[in-house]
Amino acid sequence: MRYYLLQPNNLTPTEEVDCRHVLQLEEEILQAKFWKAPIAVHKEALFVMDGHHRLAVAKRLQLRVLPAILLDYHGVRVDAWRPGEIVTPEIIFAMARSGRKFPAKTTKHVFDAQFPECKIPLRDLGYDRDKGP
C-alpha cells in the first residue's frame with residue numbers, strides 16, 4: 001500500500017471536527033516540521049474516511065498537497081463510535097453527496113492493512129510559514 005499526494009481542496013470531508021483537537025494537532029505537526037500520517041480517502045469519490053482533523057490542519061496551513069491512501073470498502077469495515085448509531089458505506093456516500101457532515105467522531109473505519117509511514121517535510125507539501133495561520 002502506498003500513499004499519494006492529493007490537493008486538500010479536492011477532498012470531501014464527511015464529518016465535523018473538534019476545533020480544539022485541530023489546533024492541538026496543528027501545533028504538533030508544526031513542531032515536528034514533518035507530516036507523519038497519511039489520511040484515508042475513498043479512491044473514487046474522494047471523501048475522507050479517516051483523517052478529518054488532519055485535513056483541517058492541512059487546509060489551515062494552506063498545504064498544496066497532503067499524503068493520502070486511496071481505498072474503497074473492500075478491506076475496510078465501517079462502524080459507529082456511538083452505541084445505537086448505524087453507519088454503512090451507503091449512508092456515508094449519501095452524506096458526502098449531500099454536502100452535509102456527520103458530527104465529529106461518528107464514523108469508525110477499521111482498516112485491514114497497515115498504513116505506510118511517511119515523514120514528509122512540511123515545505124515539500126507547500127507549507128510556507130510566512131502565509132500560514
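- The side-chain hydrogen bond (donor to acceptor under 3.5 Å, both in side chains) check on Tyr4 picks up nothing, with sequence neighbours excluded.
- Side-chain contact between Trp81 and Val87: absent, with no pair of heavy atoms (C-beta onward) separated by less than 4.5 Å.
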Exercise. Evaluate the criterion side-chain contact (heavy atoms from CB on, under 4.5 Å) for residue pair Phe102 and Glu16; output intermediate values, then yes/no.
Key: CA-CA 6 Å; Phe102 292 103; Glu16 298 290 341; over 6 Å; no
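- Partners of His52 by ring-ring contact (aromatic ring centres under 6.0 Å, His included), not counting sequence neighbours: none found.
- Applying the ring-ring contact (aromatic ring centres under 6.0 Å, His included) test to Phe111 and every residue at least two apart in sequence or in another chain returns Phe115.
- Counting only residues at least two apart or on different chains, the salt bridge (Lys or Arg N to Asp or Glu O under 4.0 Å) pairs with a member in residues 39-51 are Lys43-Asp72, Asp50-Arg54.
- Listed by chain and residue number, Asn10 satisfy the side-chain hydrogen bond (donor to acceptor under 3.5 Å, both in side chains) test with Gln7 (two or more places apart in sequence, or in another chain).
- At least one side-chain heavy atom of Val76 sits under 4.5 Å from a side-chain heavy atom of Met49.
- Heavy atoms from other residues, nucleotides or ligands lying under 6.0 Å from CZ of Arg77 number 12 at most.
- No side-chain heavy atom of Val57 sits under 4.5 Å from any side-chain heavy atom of Leu66.
- Side-chain heavy atoms closer than 4.5 Å link hydrophobic residues (I, L, V, M, F, W, Y) into clusters, and following such links, even through other members, never connects Ile29 to Leu23.
- Cluster annotation: Leu70 is connected to Phe93 through the hydrophobic network of ILVMFWY side chains, with a link wherever side-chain heavy atoms come within less than 4.5 Å.
- For the salt bridge (Lys or Arg N to Asp or Glu O under 4.0 Å) condition, no pair includes a residue of residues 87-107, sequence neighbours left out.
- With sequence neighbours excluded, no residue forms a side-chain hydrogen bond (donor to acceptor under 3.5 Å, both in side chains) with Lys59.
- The shortest side-chain heavy-atom distance between His109 and Ile92 falls under the 4.5 Å cut-off.
- Between the His53 side chain and the Asp18 main chain, a donor and an acceptor come within less than 3.5 Å of each other.
- When all heavy atoms are compared, the tightest approach of Pro89 to Val78 is CD-CG1, 3.4 Å.
- Between Leu125 and Arg64 there is no side-chain heavy-atom pair separated by less than 4.5 Å.
- Remark: Ala94 pairs with no residue by the side-chain contact (heavy atoms from CB on, under 4.5 Å) rule, at least two apart or across chains.
- Listed by chain and residue number, nothing satisfies the side-chain contact (heavy atoms from CB on, under 4.5 Å) test with Ala104 (two or more places apart in sequence, or in another chain).
- Partners of Gln24 by side-chain contact (heavy atoms from CB on, under 4.5 Å), not counting sequence neighbours, listed by chain and number: His21, Glu28.
- Residues Pro67 and Leu6 have side chains not in contact (no heavy-atom distance under 4.5 Å, counting atoms from C-beta outward).
- Expressed to the nearest 0.5 Å, how far CG of Leu25 lies from CG of Leu30 amounts to 9.5 Å.
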Practice problem: Please step through side-chain contact (heavy atoms from CB on, under 4.5 Å) for the pair Tyr3 and Ile120, ending with a clear verdict. | Solution: CA-CA 11 Å; Tyr3 63 83; Ile120 305 171; 3.6 Å; yes
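- Rounding to the nearest 0.5 Å places CG of Leu55 at 10.0 Å from OG1 of Thr14.
- A distance of 11.0 Å separates CG of Asp128 from CG of Leu63, quoted to the nearest 0.5 Å.
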Quiz item: After noting the C-alpha distance and the side-chain angles of Thr107 and Glu15, does the key distance pass the side chain to side chain donor-acceptor pair (under 3.5 Å) rule?
Solution: CA-CA 8 Å; Thr107 63; Glu15 287 189 356; 2.6 Å; yes
Check residues 32-39 and write down every donor-acceptor pair under 3.5 Å in which the side-chain atom is one partner and the other belongs to a residue at least two apart or another chain.
from: Trp35; atom 1: NE1; to: Ala37; atom 2: O; distance (Å): 2.8

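- For Thr12, there are no side-chain hydrogen bond (donor to acceptor under 3.5 Å, both in side chains) partners, not counting sequence neighbours.
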